[in-house]
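Report on the following structure.
Bear in mind that the values here come from a model prediction, so they are computed numbers and not experimental data. Within every chain, numbering begins at 1; the chains are lettered A, B, ... in the order of the sequence lines, protein sequences first and strands thereafter.
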Amino acid sequence: MSVSVQQADFDIGAEIDALLAGRTDVGAVATFTGLVRDVNDGSGVHAMTLEHYPGMTEAALEDIVAQAKARWDILAVRVIHRVGTLQPADRIVLVVVAGSHRGEAFAACEFIMDYLKTQAPFWKREDTPEGSRWVDARESDDSAAERWKQGG
Amino acid sequence: MSVSVQQADFDIGAEIDALLAGRTDVGAVATFTGLVRDVNDGSGVHAMTLEHYPGMTEAALEDIVAQAKARWDILAVRVIHRVGTLQPADRIVLVVVAGSHRGEAFAACEFIMDYLKTQAPFWKREDTPEGSRWVDARESDDSAAERWKQGG
Amino acid sequence: MKIKVLYFAALREALGSPGETIELPESATTLAAVRALIAGRGGDWDKLAQMKNLRAAVNQRMAEPDAAVADGDEVAFFPPVTGG
Amino acid sequence: MKIKVLYFAALREALGSPGETIELPESATTLAAVRALIAGRGGDWDKLAQMKNLRAAVNQRMAEPDAAVADGDEVAFFPPVTGG
């Protein structure tokens, strides 16, 4: 249950509480939440639809979490990614990493987001005043994922 | 109200919601929560007391937030640090950074924690089976803060 | 041999199809060969050849053009991912 | 000239005092001079001289030993901080 792909919204505080329930060994919790912005690449965005590849998506996210756990000494991870149609200010993705110390929790959380952005099969389509358009992948996302390969 | 020093616990979800209220320009929220662990430096910890320097603490935290805002293009920041006596699993500190993009939100959040650890006048005393002891500052905290000076 | 092929996002729209089951000749044993075979039908299918930065998966794992494709596999073609 | 001096955490306990108001001679114009003056009382006060990695603030801002101290200032001495 460390990974979920769902239409429903999520409650960040409740997810953190569930991950920490009964534990007294966690000293550091890093989280990342991605939200729908009302502007992207210079156009207004009034809705966004997230398509995914059922089955592969969950497997890719589990694999990213396993890589993070192999690489850093962390205690627990939760990843939730929404699909379907979302409005500005809606939550899209949540990553929570619990660890003993902050350096590892931060690094693993950022690593998971960077890999998710390039390895997990989700695609965004934005509705703008100029019509509907598929979001282009950013080169900056590739380079963000790439830097983890250099022993960082 | 971006900085609070208080005895009371905080609600992470409610703090994020308050920071984002009415905004549709935030794409990324990075948070860090520090918790009391039941073990530190090989001893069991059954309680911790946080002392601070009233007045200077708030000023130091505001200054750290201002430095983060000057350095990264971020939209909103919230810092809460508790004082008084805490038990294992209790929350100690919360940093929330909202920005347009994830790289800046992550960097600013980690920067604030690293600087807080070396610049904000808080001191921890732990109660262990061997008695009460003041926590020693870690060299790793100094080096974590130091790396931000090298144009990182 | 038979494989399942899936298309996603902008590619799915361009091809007008979410996917299909196709019969492969013995000679088509890699992802690149499957791509060429489908694009070779002409018409809209040529978009599969034209799409820049096309990504692919075999049995739900990201795969390179030289990845092996065997009977019963699930192959997917799609644009670079943009989640998060 | 008069200044307020505060002690925190392990230093406060070692000195047995949270702080005091002291009268400074004209010659004591830096943090280092204030520290030496207080430590020079002997007894427990010597701990102020002995403490490794002593940190200090002038008017609630972190300050180095050569920082200027003037009439009415609030000076604080304390161990390295350990919050977060």
Query raised in the report: Which pair of non-hydrogen atoms, one from Tyr53(B) and one from Ala76(D), has the smallest distance, and what is that distance?
Result: CE1-CB, 3.4 Å
Query raised in the report: Which atom names give the shortest non-hydrogen contact between Ile92(B) and Gly84(D), and what distance separates them?
Result: CG2-C, 4.1 Å
Report summary line: chain B shares the most heavy-atom pairs under 4.5 Å, among Glu13(D), Arg55(D), Glu74(D), with Glu13(D)
Report summary line: When the 4.5 angstrom heavy-atom criterion is applied to Arg12(D) and chain B, the contacting part is side chain
Query - Asp136(B) portion near chain D, given a 4.5 angstrom heavy-atom threshold - result: backbone
Query raised in the report: Which atoms form the tightest heavy-atom contact between Gln119(B) and Val81(D), and what is the distance?
Result: N-CG2, 3.9 Å
Query raised in the report: Of the listed residues (Phe122(B), Phe32(B), Trp134(B)), which shares the most heavy-atom pairs with chain D below a 4.5 Å separation?
Result: Trp134(B)
Query raised in the report: Relative to chain D, which segment of Ala60(B) carries a heavy atom at a distance below 4.5 Å: side chain, backbone, both, or neither?
Result: neither
Report task. Work out which heavy atom in Thr82(D) is nearest to a heavy atom in Lys124(B); give both atom names and the distance. Result -> OG1-N, 2.9 Å
Report task. Return yes when atom CD of Glu23(D) has more than 12 non-hydrogen atoms of other residues, nucleotides or ligands closer than 6.0 Å, and no otherwise. Result -> yes
Query raised in the report: Under 30°, 30 to 60°, or over 60°: which ring-plane class applies to Phe8(D) and Trp123(B), parallel, tilted or perpendicular?
Result: parallel
Query raised in the report: So with a 6.0 Å cut-off around CD of Gln7(B), is the heavy-atom count from everything else above 12?
Result: no
Query raised in the report: Any chance CD of Gln6(B) has more than 12 other-residue heavy atoms, nucleotides or ligands included, within less than 6.0 Å?
Result: yes
